[in-house]
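Both ligands and their constituent atoms are indexed starting at 1 by order of listing. Heavy atoms only: backbone and side chains are in, while hydrogens, waters and symmetry mates are out. These numbers were taken from a predicted model, which means no experiment stands behind them.
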Amino acid sequence: MTAVRVLARADELATHSAWEDGILRAYLTPEQSRVNAIAAAWMREAGLRAWPDEAANVCGRRLRDDDDRPALLLGSHLDTVPGAGRYDGILGVLVAIEVADRLRDADLPFALEVVAFGDEEGTRFGATLLGSRALAGGWRDSWLDLTDPDGVTLRDAATLFGLIPENIASAARAPGSVIGYLECHIEQGPRLEAQGRALGVVTTIAAAERRMISYRGEARHCATPWELRHDALLGASEAIIAIERIARDQGSPATVGRIRVEPDAVNVIPGFAEFSLDLRDGTAAGRDATWGLIRHELQRIAVERGLDLEVTSTHAAPEAPCSPSLRAAVAAGIRATGDADPIELVSIAGHDAMAVADLTEIGMLFVRCAGGISHHADESVREDDVAAAIDALEAAVLHLADQHR
Ligand code: HGY
Ligand code: MN
Ligand code: MN
């Protein structure tokens with residue numbers, strides 16, 4: 001029953017999009033406001049007191065936990081990338097609500113809360129994990145000056161959303177008020193499916209860094225002879241192919257997802273080209289070693305082509321290890337579903353848990369997704385896997401409760 005409800009609710013949330021066709025739900029938008037209200041109503045139905053925090057996350061705490069005992073947090077995010085599937089983040093929030101519902105009257109040695117984070121993807125303002133960083137005490141007021149593609153500042157967007165920009169930092173939870181954070185999430189990779197498993201234990205979340213890289217040359221008439229050209233787009237193109245070669249050699253996933261050119265005219269040699277680089281690795285040291293090789297090549301291209309190179313880091317996060325006790329709880333949860341030998345895997349995908357790791361110990365439960373597909377409308381999960389995930393997360397909470405008694 002509850003897995004059916006989770007899938008139906010995911011379908012409902014998918015209808016709240018900035019787009020007519022496809023899913024885009026970014027931070028501090030009317031779409032987010034609508035799904036926040038829906039999630040809060042579902043939290044209340046599950047026996048939680050629900051409230052929006054100062055950073056536009058939605059929080060819920062069991063009604064019976066009307067004290068100041070430290071809480072175990074369950075949750076994930078409700079925002080999406082452009083052209084998203086309907087389960088990235090959303091599944092974790094809905095599974096957490098189901099578990100809280102099942103345990104609404106359970107006698108636990110800690111409070112139980114659910115959090116639906118508002119900006120894991122960083123789709124609108126470039127910086128990522130804004131909601132979870134605020135909750136974990138890492139909010140930076142400098143982010144208020146970030147602008148979205150339409151030039152709207154985060155400050156103005158927050159005000160329009162109904163937040164008080166200067167108060168966002170007060171979403172921070174006091175250290176010691178939280179005993180741990182467990183996040184259920186689709187794997188966004190092919191390994192569980194390849195191993196014929198529904199669930200897996202995350203050991204660590206990979207280190208990541210996002211940068212904007214630009215070359216500035218000379219915008220000139222397309223009749224300009226080759227030897228007089230300083231073509232920024234050709235420089236960027238050579239750089240992007242070099243990034244693929246270097247990152248493949250190093251085994252570091254690297255993605256160039258955005259590029260823009262000026263003046264962007266058919267008959268003008270591009271004088272400016274800017275592209276994004278998302279670089280990951282199992283460790284920050286590995287990530288930085290790969291970046292060092294890339295940076296050297298970017299500079300060589302700039303010199304050879306007579307271009308000016310500029311690099312700006314927009315997000316950086318070290319690897320986030322899951323704690324032994326929460327890994328053990330997730331493994332116990334998976335065993336409770338009949339998988340006697342839970343597999344462990346590194347998460348190359350980033351998650352809110354990376355930010356929450358600054359506040360408390362983290363654990364993650366991965367759920368098989370078809371073909372490992374994510375960040376695409378074809379993202380899908382099986383009902384029986386969702387049912388197993390709810391059972392496993394519930395059992396993980398009860399395992400932790402036994403540990404804390
Ligand atoms: O980028 C990621 O890995 C996550 O989906 N935000
Ligand atoms: Mn995502
Ligand atoms: Mn996600």
Side-chain angles (χ1 to χ4, degrees), residues 10 13-14 17 22-27 32 35 39 57 74-96 115-133 135 181-192 200 202 204-212 247 252-258 276-282 284 287 313-320 322 345-357 362-369 371-381 386 389:
L13 294 185
S17 170
I23 302 174
L24 166 59
R25 191 165 56 243
Y27 190 43
Q32 185 198 5
V35 297
N57 303 310
L74 309 177
S76 193
H77 61 95
L78 293 179
D79 66 304
T80 78
V81 294
R86 52 188 65 195
Y87 304 108
D88 172 2
I90 287 88
L91 180 73
V93 172
L94 297 176
V95 166
V115 184
F117 290 113
D119 183 58
E120 189 274 338
E121 301 289 2
T123 297
R124 184 171 181 187
F125 296 103
T128 180
L129 305 173
L130 295 181
S132 38
R133 284 183 168 192
L135 179 136
Y181 172 71
L182 281 177
E183 180 167 359
C184 169
H185 201 290
I186 53 171
E187 179 199 344
Q188 299 175 303
R191 288 160 292 173
L192 287 176
V202 175
T204 190
I205 304 169
E209 185 150 8
R210 295 181 183 186
R211 292 180 173 90
M212 293 308 288
S252 307
T255 307
V256 175
R258 279 181 179 159
S276 63
L277 174 61
D278 178 311
L279 179 64
R280 317 231 170 152
D281 197 277
R287 175 202 65 194
S313 177
T314 58
H315 165 69
E319 68 275 20
C322 295
L345 54 173
V346 172
S347 175
I348 301 301
H351 302 284
D352 285 302
M354 300 171 90
V356 182
I362 62 169
M364 285 199 73
L365 169 67
F366 262 359
V367 184
R368 171 169 48 192
C369 57
I373 297 168
S374 184
H375 284 188
H376 188 276
D378 290 350
E379 204 174 80
S380 75
V381 291
V386 173

ask   = How far is atom 5 (O) of ligand 1 from its nearest protein heavy atom, and which residue and atom is that?
value = H375 NE2, 3.0 Å
query = About how large, to 10 degrees, is the angle NE2 of H77, then the Mn ion (ligand 3), then NE2 of H185?
reply = 110°
ask   = Should D79 and R25 count as an ion pair when the cut-off is N to O under 4.0 Å?
value = no
request  = List every atom of ligand 1 that sits less than 4.0 Å from any heavy atom of A349, numbering the atoms from 1 in the order shown and giving each element.
outcome  = 3 (O)
ask   = Under 3.5 Å, side chain of D119 to main-chain N/O of G131, donor-acceptor pair present?
value = no
remark   = Taking only non-hydrogen atoms of R210 and a 4.0 Å limit, the atoms of ligand 1 in range are 1 (O)
request  = Measure from the side-chain N and O atoms of R287 to the backbone N and O of A317, and report whether any donor-acceptor pair falls under 3.5 Å.
outcome  = yes
inquiry  = Could you walk me through whether F125 and H315 satisfy the ring pair (Phe, Tyr, Trp, His ring centres under 6.0 Å) test, starting with their C-alpha distance in whole Å, then the side-chain angles of each, then the deciding distance to 0.1 Å, before giving a yes or no?
reply    = CA-CA 11 Å; F125 296 103; H315 165 69; over 10 Å; no
task = For the residue pair E209 and S313, confirm or rule out a side-chain donor-acceptor distance under 3.5 Å.
result = yes
request  = Ignoring angles and geometry beyond distance, decide whether D278 reaches within less than 3.5 Å of ligand 1 through its nitrogen or oxygen atoms.
outcome  = no
Pair D88, H77: side-chain N/O donor-acceptor within cut-off below 3.5 Å = yes
remark   = Output field for angle at the Mn ion (ligand 2), D88.OD2 vs E121.OE2, rounded to 10°, should show 90°
query = Would you say M354 touches ligand 1, if touching means a heavy atom closer than 4.0 Å?
reply = no
inquiry  = Can you see whether E319 engages T204 through a side-chain donor-acceptor pair at a distance of less than 3.5 angstrom?
reply    = no
From the candidates R280, E121, Q188, H351, the one that places a heavy atom nearest atom 3 (O) of ligand 1 = R280
query = Should I348 be counted as touching ligand 1, given the test is an N or O pair under 3.5 Å?
reply = no
Minimum-distance N/O/S atom that H375 presents toward the Mn ion (ligand 2) = NE2
